[in-house]
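Notes to accompany the following structure.
Just follow the structure's listing: the first ligand is 1, and inside any ligand the first atom is 1. When reading the values below, keep in mind they use all heavy atoms of this one structure, side chains included, and skip hydrogens, waters and symmetry mates.
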Amino acid sequence: MRNGILYRKASLYSTSRLVEAGEERNHDMRVINYLRCYMDISHPGPSVVYHDLVADRHAVEETLEFDAVVPRIGASYTFYGTALVRQFEMMGVFAANDSQGITRSRDKLRAQQLLSRSGVDLPATTFAHDARHSKGLIDRVGGTPVIVKLLEGTQGVGVVLAETRKAAESVIGAFRQLDANILVQEFIKEAGGDDLRAIVIGGKVVAAMERHAAPGEFRANLHRGGSAEAATLTPKERKTAVLAAKSLGLNVAGVDMLRSKRGPLVLEVNSSPGLEGVEKATGVDVAGKIIEYIENTAPRGNRKDRVGA
Ligand code: ADP
Ligand code: MG
(Lines give C-alpha, C1' and ligand atoms only; values in the text may rest on other atoms or scores of the structure.)
(Ligands and ions follow the chains in the order given, each with its own letter.)
Protein backbone atom coordinates (compact mmCIF):
# COMPACT_ATOMS: atom_id res chain seq x y z
CA MET A 1 0.00 0.00 0.00
CA ARG A 2 1.03 3.60 -0.49
CA ASN A 3 0.58 5.37 2.81
CA GLY A 4 1.05 9.01 3.71
CA ILE A 5 1.75 10.32 7.18
CA LEU A 6 0.38 13.85 7.44
CA TYR A 7 2.26 15.88 9.97
CA ARG A 8 3.34 19.43 10.56
CA LYS A 9 5.81 19.55 13.40
CA ALA A 10 8.40 16.87 13.08
CA SER A 11 7.62 14.70 16.03
CA LEU A 12 10.61 12.75 14.86
CA TYR A 13 9.93 9.75 17.00
CA SER A 14 6.27 9.16 16.05
CA THR A 15 6.67 9.75 12.32
CA SER A 16 9.87 7.75 11.99
CA ARG A 17 8.39 4.86 13.95
CA LEU A 18 5.36 4.82 11.65
CA VAL A 19 7.63 4.82 8.59
CA GLU A 20 9.70 2.01 10.06
CA ALA A 21 6.62 -0.04 10.97
CA GLY A 22 5.14 0.47 7.48
CA GLU A 23 8.35 -0.40 5.66
CA GLU A 24 8.79 -3.54 7.74
CA ARG A 25 5.46 -4.61 6.32
CA ASN A 26 6.43 -3.69 2.74
CA HIS A 27 4.39 -0.52 2.39
CA ASP A 28 5.47 2.60 0.59
CA MET A 29 5.62 5.26 3.30
CA ARG A 30 5.77 9.02 2.73
CA VAL A 31 5.97 11.74 5.38
CA ILE A 32 4.13 14.83 4.18
CA ASN A 33 3.94 18.23 5.86
CA TYR A 34 0.30 19.02 5.22
CA LEU A 35 0.89 22.78 5.19
CA ARG A 36 2.95 22.21 2.04
CA CYS A 37 -0.04 20.74 0.24
CA TYR A 38 -2.89 22.43 -1.54
CA MET A 39 -6.20 21.03 -2.71
CA ASP A 40 -8.04 20.99 -5.99
CA ILE A 41 -11.67 20.63 -4.97
CA SER A 42 -13.32 20.67 -8.37
CA HIS A 43 -15.01 17.84 -10.18
CA PRO A 44 -13.82 15.74 -11.92
CA GLY A 45 -10.61 14.69 -10.30
CA PRO A 46 -10.39 16.25 -6.83
CA SER A 47 -6.78 16.02 -5.76
CA VAL A 48 -4.10 16.97 -3.27
CA VAL A 49 -0.97 18.60 -4.61
CA TYR A 50 2.33 18.67 -2.75
CA HIS A 51 4.44 21.76 -3.46
CA ASP A 52 7.36 22.44 -1.19
CA LEU A 53 7.68 26.23 -1.28
CA VAL A 54 9.95 26.15 1.73
CA ALA A 55 12.57 23.98 0.08
CA ASP A 56 12.33 25.71 -3.30
CA ARG A 57 9.86 28.12 -4.86
CA HIS A 58 10.38 26.38 -8.18
CA ALA A 59 10.02 22.90 -6.77
CA VAL A 60 8.07 20.51 -8.94
CA GLU A 61 4.46 20.00 -7.93
CA GLU A 62 3.35 16.48 -7.29
CA THR A 63 -0.16 15.05 -7.16
CA LEU A 64 -0.32 12.75 -4.15
CA GLU A 65 -1.63 9.25 -4.68
CA PHE A 66 -2.19 7.33 -1.47
CA ASP A 67 -4.22 4.30 -0.45
CA ALA A 68 -4.28 5.45 3.18
CA VAL A 69 -3.20 8.38 5.32
CA VAL A 70 -2.28 8.59 8.99
CA PRO A 71 -3.20 12.11 10.10
CA ARG A 72 -1.10 13.67 12.85
CA ILE A 73 -2.70 17.10 12.85
CA GLY A 74 -1.14 19.74 15.10
CA ALA A 75 -3.42 21.71 17.41
CA SER A 76 -2.60 25.07 15.84
CA TYR A 77 -3.59 24.04 12.31
CA THR A 78 -6.69 21.97 12.99
CA PHE A 79 -8.77 23.79 10.37
CA TYR A 80 -6.39 23.26 7.45
CA GLY A 81 -5.28 19.85 8.63
CA THR A 82 -8.80 18.46 8.94
CA ALA A 83 -9.79 20.03 5.60
CA LEU A 84 -6.93 18.14 3.97
CA VAL A 85 -7.90 14.87 5.63
CA ARG A 86 -11.48 15.43 4.43
CA GLN A 87 -10.17 16.01 0.91
CA PHE A 88 -8.44 12.64 1.02
CA GLU A 89 -11.68 11.07 2.30
CA MET A 90 -13.58 12.61 -0.64
CA MET A 91 -11.02 10.99 -2.95
CA GLY A 92 -11.70 7.58 -1.37
CA VAL A 93 -8.39 7.46 0.48
CA PHE A 94 -8.64 5.66 3.82
CA ALA A 95 -7.85 7.86 6.83
CA ALA A 96 -6.73 6.17 10.07
CA ASN A 97 -8.81 8.85 11.82
CA ASP A 98 -11.33 10.78 9.81
CA SER A 99 -11.67 14.54 9.82
CA GLN A 100 -14.84 14.56 11.93
CA GLY A 101 -13.31 12.49 14.71
CA ILE A 102 -10.25 14.73 14.80
CA THR A 103 -12.38 17.88 14.94
CA ARG A 104 -14.51 16.50 17.77
CA SER A 105 -11.53 15.54 19.89
CA ARG A 106 -9.91 18.96 19.46
CA ASP A 107 -12.70 20.85 21.15
CA LYS A 108 -12.82 19.76 24.80
CA LEU A 109 -16.37 21.00 25.23
CA ARG A 110 -17.77 19.18 22.21
CA ALA A 111 -15.87 16.06 23.20
CA GLN A 112 -17.23 16.18 26.76
CA GLN A 113 -20.78 16.66 25.49
CA LEU A 114 -20.48 13.60 23.24
CA LEU A 115 -18.81 11.52 25.95
CA SER A 116 -21.49 12.48 28.43
CA ARG A 117 -24.24 11.50 26.00
CA SER A 118 -22.61 8.08 25.60
CA GLY A 119 -22.62 7.54 29.34
CA VAL A 120 -18.84 7.90 29.80
CA ASP A 121 -18.02 9.04 33.34
CA LEU A 122 -16.41 12.50 33.45
CA PRO A 123 -15.33 14.93 36.17
CA ALA A 124 -18.22 17.33 36.89
CA THR A 125 -17.83 20.08 34.28
CA THR A 126 -19.55 23.41 33.55
CA PHE A 127 -19.31 25.96 30.75
CA ALA A 128 -20.69 29.49 30.31
CA HIS A 129 -20.40 32.57 28.17
CA ASP A 130 -20.68 35.09 30.97
CA ALA A 131 -18.25 35.31 33.90
CA ARG A 132 -21.14 36.55 36.06
CA HIS A 133 -22.23 32.91 36.16
CA SER A 134 -19.05 32.04 38.09
CA LYS A 135 -20.84 31.19 41.31
CA GLY A 136 -23.04 28.59 39.63
CA LEU A 137 -20.16 27.26 37.56
CA ILE A 138 -18.11 26.63 40.69
CA ASP A 139 -20.96 25.43 42.94
CA ARG A 140 -22.16 22.85 40.43
CA VAL A 141 -18.79 21.13 40.21
CA GLY A 142 -18.74 20.85 44.01
CA GLY A 143 -16.98 24.09 45.00
CA THR A 144 -13.27 24.87 45.15
CA PRO A 145 -10.64 23.76 44.48
CA VAL A 146 -11.58 23.70 40.78
CA ILE A 147 -9.77 23.25 37.49
CA VAL A 148 -10.21 25.97 34.88
CA LYS A 149 -9.33 24.69 31.42
CA LEU A 150 -8.99 26.29 27.99
CA LEU A 151 -11.15 24.49 25.41
CA GLU A 152 -8.29 24.04 22.98
CA GLY A 153 -5.23 23.71 25.20
CA THR A 154 -2.80 20.83 24.84
CA GLN A 155 0.20 19.45 26.69
CA GLY A 156 -1.09 20.79 29.99
CA VAL A 157 -0.80 24.44 28.95
CA GLY A 158 -4.12 26.13 29.71
CA VAL A 159 -5.03 23.90 32.66
CA VAL A 160 -5.16 25.93 35.88
CA LEU A 161 -5.84 24.80 39.44
CA ALA A 162 -7.71 27.43 41.47
CA GLU A 163 -7.60 26.63 45.19
CA THR A 164 -10.03 29.23 46.50
CA ARG A 165 -13.29 30.73 45.28
CA LYS A 166 -11.63 34.16 44.94
CA ALA A 167 -8.86 32.69 42.80
CA ALA A 168 -11.33 30.73 40.68
CA GLU A 169 -13.52 33.77 40.07
CA SER A 170 -10.50 35.89 39.08
CA VAL A 171 -9.20 33.26 36.65
CA ILE A 172 -12.63 32.77 35.07
CA GLY A 173 -13.07 36.56 34.80
CA ALA A 174 -9.62 37.05 33.28
CA PHE A 175 -9.99 34.31 30.67
CA ARG A 176 -13.44 35.55 29.68
CA GLN A 177 -12.16 39.12 29.44
CA LEU A 178 -9.72 37.80 26.82
CA ASP A 179 -12.62 36.01 25.11
CA ALA A 180 -11.06 32.66 25.85
CA ASN A 181 -13.51 29.77 26.17
CA ILE A 182 -13.01 27.73 29.31
CA LEU A 183 -14.42 24.75 31.14
CA VAL A 184 -14.74 24.74 34.91
CA GLN A 185 -14.11 21.28 36.29
CA GLU A 186 -14.16 19.37 39.53
CA PHE A 187 -10.59 18.86 40.77
CA ILE A 188 -9.97 15.14 41.26
CA LYS A 189 -7.62 15.42 44.19
CA GLU A 190 -7.30 11.71 44.87
CA ALA A 191 -5.67 11.22 41.46
CA GLY A 192 -2.65 12.74 43.19
CA GLY A 193 -1.05 14.07 40.01
CA ASP A 194 -1.32 10.70 38.23
CA ASP A 195 -3.32 9.97 35.13
CA LEU A 196 -3.80 7.07 32.76
CA ARG A 197 -3.31 7.09 29.02
CA ALA A 198 -4.83 4.19 27.12
CA ILE A 199 -4.10 3.74 23.43
CA VAL A 200 -7.19 2.44 21.66
CA ILE A 201 -6.85 1.14 18.11
CA GLY A 202 -9.80 -0.29 16.21
CA GLY A 203 -11.88 -0.63 19.38
CA LYS A 204 -9.21 -2.36 21.50
CA VAL A 205 -6.81 -1.09 24.14
CA VAL A 206 -3.36 -2.01 22.81
CA ALA A 207 -1.20 -0.24 25.41
CA ALA A 208 -1.64 1.73 28.61
CA MET A 209 0.59 3.80 30.80
CA GLU A 210 0.32 5.64 34.05
CA ARG A 211 1.85 9.10 34.12
CA HIS A 212 3.05 10.82 37.27
CA ALA A 213 3.27 14.59 37.59
CA ALA A 214 6.62 16.12 38.50
CA PRO A 215 6.97 17.13 42.18
CA GLY A 216 4.84 20.17 43.02
CA GLU A 217 2.83 19.79 39.79
CA PHE A 218 -0.70 18.38 39.38
CA ARG A 219 -0.56 17.94 35.59
CA ALA A 220 0.78 14.55 34.54
CA ASN A 221 1.64 15.57 30.95
CA LEU A 222 5.07 14.34 29.86
CA HIS A 223 5.61 17.83 28.40
CA ARG A 224 5.19 19.20 31.94
CA GLY A 225 7.99 17.00 33.23
CA GLY A 226 5.83 13.99 34.10
CA SER A 227 7.19 10.44 34.04
CA ALA A 228 5.50 7.31 32.73
CA GLU A 229 5.36 3.59 33.35
CA ALA A 230 3.33 0.71 31.95
CA ALA A 231 -0.08 0.28 33.57
CA THR A 232 -2.50 -2.59 33.86
CA LEU A 233 -6.04 -1.37 33.39
CA THR A 234 -9.05 -2.73 35.23
CA PRO A 235 -11.83 -4.12 33.02
CA LYS A 236 -13.87 -0.98 33.81
CA GLU A 237 -10.99 1.27 32.68
CA ARG A 238 -10.63 -0.69 29.47
CA LYS A 239 -14.33 -0.48 28.74
CA THR A 240 -14.35 3.24 29.47
CA ALA A 241 -11.40 3.92 27.14
CA VAL A 242 -12.95 1.93 24.29
CA LEU A 243 -16.33 3.61 24.72
CA ALA A 244 -14.69 7.07 24.80
CA ALA A 245 -12.87 6.50 21.49
CA LYS A 246 -16.05 5.11 19.93
CA SER A 247 -18.18 8.03 21.14
CA LEU A 248 -15.99 10.45 19.19
CA GLY A 249 -15.69 8.18 16.15
CA LEU A 250 -11.92 7.71 16.51
CA ASN A 251 -10.15 4.56 15.26
CA VAL A 252 -6.83 5.56 16.80
CA ALA A 253 -7.00 7.41 20.11
CA GLY A 254 -5.13 8.22 23.28
CA VAL A 255 -7.72 8.30 26.05
CA ASP A 256 -6.69 10.19 29.18
CA MET A 257 -8.38 9.14 32.41
CA LEU A 258 -8.10 9.88 36.11
CA ARG A 259 -8.47 7.19 38.75
CA SER A 260 -11.08 8.65 41.09
CA LYS A 261 -13.00 7.35 44.09
CA ARG A 262 -15.96 6.72 41.82
CA GLY A 263 -13.96 4.90 39.13
CA PRO A 264 -12.25 6.03 35.93
CA LEU A 265 -13.15 9.51 34.69
CA VAL A 266 -12.27 10.57 31.16
CA LEU A 267 -10.43 13.86 30.76
CA GLU A 268 -9.87 13.95 27.05
CA VAL A 269 -9.34 11.89 23.95
CA ASN A 270 -6.38 12.66 21.69
CA SER A 271 -6.59 11.87 17.99
CA SER A 272 -2.82 11.89 17.35
CA PRO A 273 -1.35 10.47 20.54
CA GLY A 274 2.43 10.70 20.79
CA LEU A 275 4.11 7.31 20.42
CA GLU A 276 7.40 7.88 22.17
CA GLY A 277 6.17 8.00 25.78
CA VAL A 278 3.87 5.02 25.48
CA GLU A 279 6.17 2.80 23.39
CA LYS A 280 9.08 3.43 25.73
CA ALA A 281 7.02 2.90 28.88
CA THR A 282 5.24 -0.25 27.71
CA GLY A 283 7.50 -1.81 25.08
CA VAL A 284 4.43 -2.21 22.82
CA ASP A 285 4.92 -1.65 19.08
CA VAL A 286 2.07 0.89 18.84
CA ALA A 287 3.22 2.12 15.41
CA GLY A 288 3.00 -1.46 14.14
CA LYS A 289 -0.52 -1.81 15.56
CA ILE A 290 -1.60 1.35 13.71
CA ILE A 291 -0.20 0.01 10.42
CA GLU A 292 -1.86 -3.38 10.99
CA TYR A 293 -5.15 -1.64 11.68
CA ILE A 294 -4.86 0.20 8.36
CA GLU A 295 -3.95 -3.01 6.50
CA ASN A 296 -7.00 -4.77 7.88
CA THR A 297 -9.45 -1.89 7.48
CA ALA A 298 -8.44 0.24 4.48
CA PRO A 299 -9.59 -2.26 1.84
CA ARG A 300 -13.12 -1.83 3.19
CA GLY A 301 -12.90 1.97 2.81
CA ASN A 302 -13.81 4.74 5.23
CA ARG A 303 -16.62 3.72 7.51
CA LYS A 304 -19.69 5.86 7.58
CA ASP A 305 -19.46 8.12 10.62
CA ARG A 306 -22.17 7.18 13.10
CA VAL A 307 -21.61 9.65 15.89
CA GLY A 308 -24.01 12.20 14.47
CA ALA A 309 -22.97 15.42 16.22
P1 ADP B 1 -4.21 18.86 27.98
O2 ADP B 1 -4.99 18.76 26.72
O3 ADP B 1 -3.51 20.15 28.10
O4 ADP B 1 -3.35 17.65 28.21
P5 ADP B 1 -5.91 17.75 30.11
O6 ADP B 1 -7.35 18.01 30.31
O7 ADP B 1 -5.53 16.40 29.62
O8 ADP B 1 -5.32 18.90 29.16
O9 ADP B 1 -5.18 18.06 31.49
C10 ADP B 1 -3.78 17.98 31.66
C11 ADP B 1 -3.41 17.25 32.94
O12 ADP B 1 -3.88 17.99 34.09
C13 ADP B 1 -4.07 15.88 33.07
O14 ADP B 1 -3.30 14.90 32.41
C15 ADP B 1 -4.15 15.68 34.58
O16 ADP B 1 -2.92 15.21 35.10
C17 ADP B 1 -4.39 17.11 35.09
N18 ADP B 1 -5.84 17.37 35.24
C19 ADP B 1 -6.66 17.84 34.26
N20 ADP B 1 -7.92 17.95 34.69
C21 ADP B 1 -7.93 17.54 35.98
C22 ADP B 1 -8.95 17.42 36.99
N23 ADP B 1 -10.22 17.74 36.73
N24 ADP B 1 -8.58 16.97 38.22
C25 ADP B 1 -7.29 16.63 38.46
N26 ADP B 1 -6.29 16.73 37.56
C27 ADP B 1 -6.59 17.17 36.33
MG1 MG C 1 -4.10 15.65 28.19
Below the 3.5 angstrom mark, is there an N/O of K108, backbone or side chain, next to an N/O of ligand 1?
yes
Side chains of E295 and H27, donor plus acceptor under 3.5 Å
yes
Does ligand 1 have a heavy atom under 4.0 Å from the side chain of I188, from its backbone, from both, or from neither?
both
Short question: side chain of D107, backbone of R110 - any donor-acceptor pair under 3.5 Å?
yes
Can you check whether Y80 reaches I73 side chain to side chain, under 4.5 Å on heavy atoms?
no
Under-4.0 Å salt bridge between E190 and R259
no
Scan side-chain atoms only and decide if E89 and S99 contain a donor-acceptor pair under the 3.5 Å cut-off.
yes
Those atoms of ligand 1 less than 4.0 Å from some heavy atom in Q185
20 (N), 23 (N)
Hey, which N, O or S atom on D256 ends up closest to the Mg ion (ligand 2)?
OD2
Would you kindly specify which portion of D194 sits under 4.0 Å from ligand 1, judged on non-hydrogen atoms: side chain, backbone, both or neither?
neither
Which residue owns the protein heavy atom closest to atom 16 (O) of ligand 1, what's the atom, and how far is it?
A220 N, 2.9 Å
Who's the nearest protein heavy-atom neighbour of atom 14 (O) of ligand 1, and how far?
D195 OD2, 2.5 Å
Polar-atom distance check: P123 versus ligand 1, any N or O pair below 3.5 Å?
no
Once you restrict to heavy atoms under 4.0 Å, what part of E268 touches ligand 1? Side chain, backbone, both or neither.
side chain
Among all protein heavy atoms in this structure, tell me which lies nearest to atom 6 (O) of ligand 1, with the distance rounded to 0.1 Å.
K149 NZ, 2.7 Å
What are the two closest heavy atoms between A124 and V141, and how far apart are they?
O-CG1, 3.5 Å
Does the N33 side chain pair with the main chain of L6, one donor and one acceptor, at a distance under 3.5 Å?
no
Tell me the closest heavy-atom pair linking I102 and N97, and the distance in Å.
CD1-O, 3.8 Å
How far is atom 18 (N) of ligand 1 from its nearest protein heavy atom, and which residue and atom is that?
L267 CD1, 4.0 Å
Geometric class of the F187/F218 ring pair [parallel <30°, tilted 30-60°, perpendicular >60°]:
perpendicular
Tell me whether V255 shares a hydrophobic cluster with L233, the cluster being built from Ile, Leu, Val, Met, Phe, Trp, Tyr side chains joined at under 4.5 Å.
yes
Ligand 1 atoms in contact with F218 (distance to a heavy atom under 4.0 Å):
16 (O), 17 (C)
Tell me: protein heavy atom nearest atom 3 (O) of ligand 1, and distance?
G156 N, 2.6 Å
Quick one: look up the protein heavy atom nearest atom 27 (C) of ligand 1 and list residue, atom name and how far away it is.
L258 CD1, 4.0 Å
Just to confirm my output: which protein heavy-atom neighbour is closest to atom 9 (O) of ligand 1, and how far is it?
V159 CG2, 3.7 Å
Please could you name the atoms of ligand 1 that F187 approaches to less than 4.0 Å, counting only its heavy atoms?
24 (N), 25 (C)
Please work out whether the ring planes of F88 and F66 are parallel, tilted or perpendicular, with thresholds of 30° and 60°.
tilted
At the 4.0 Å heavy-atom cut-off, does G153 count as touching ligand 1?
yes
Starting from atom 4 (O) of ligand 1, what is the nearest protein heavy atom, named by residue and atom, and what distance separates them?
N221 ND2, 2.8 Å
Would you kindly specify which portion of E186 sits under 4.0 Å from ligand 1, judged on non-hydrogen atoms: side chain, backbone, both or neither?
backbone
From the N, O or S atoms in E268, identify the one nearest to the Mg ion (ligand 2).
OE2
Under a 4.5 Å cut-off applied to non-hydrogen side-chain atoms, are L258 and L196 in contact?
no
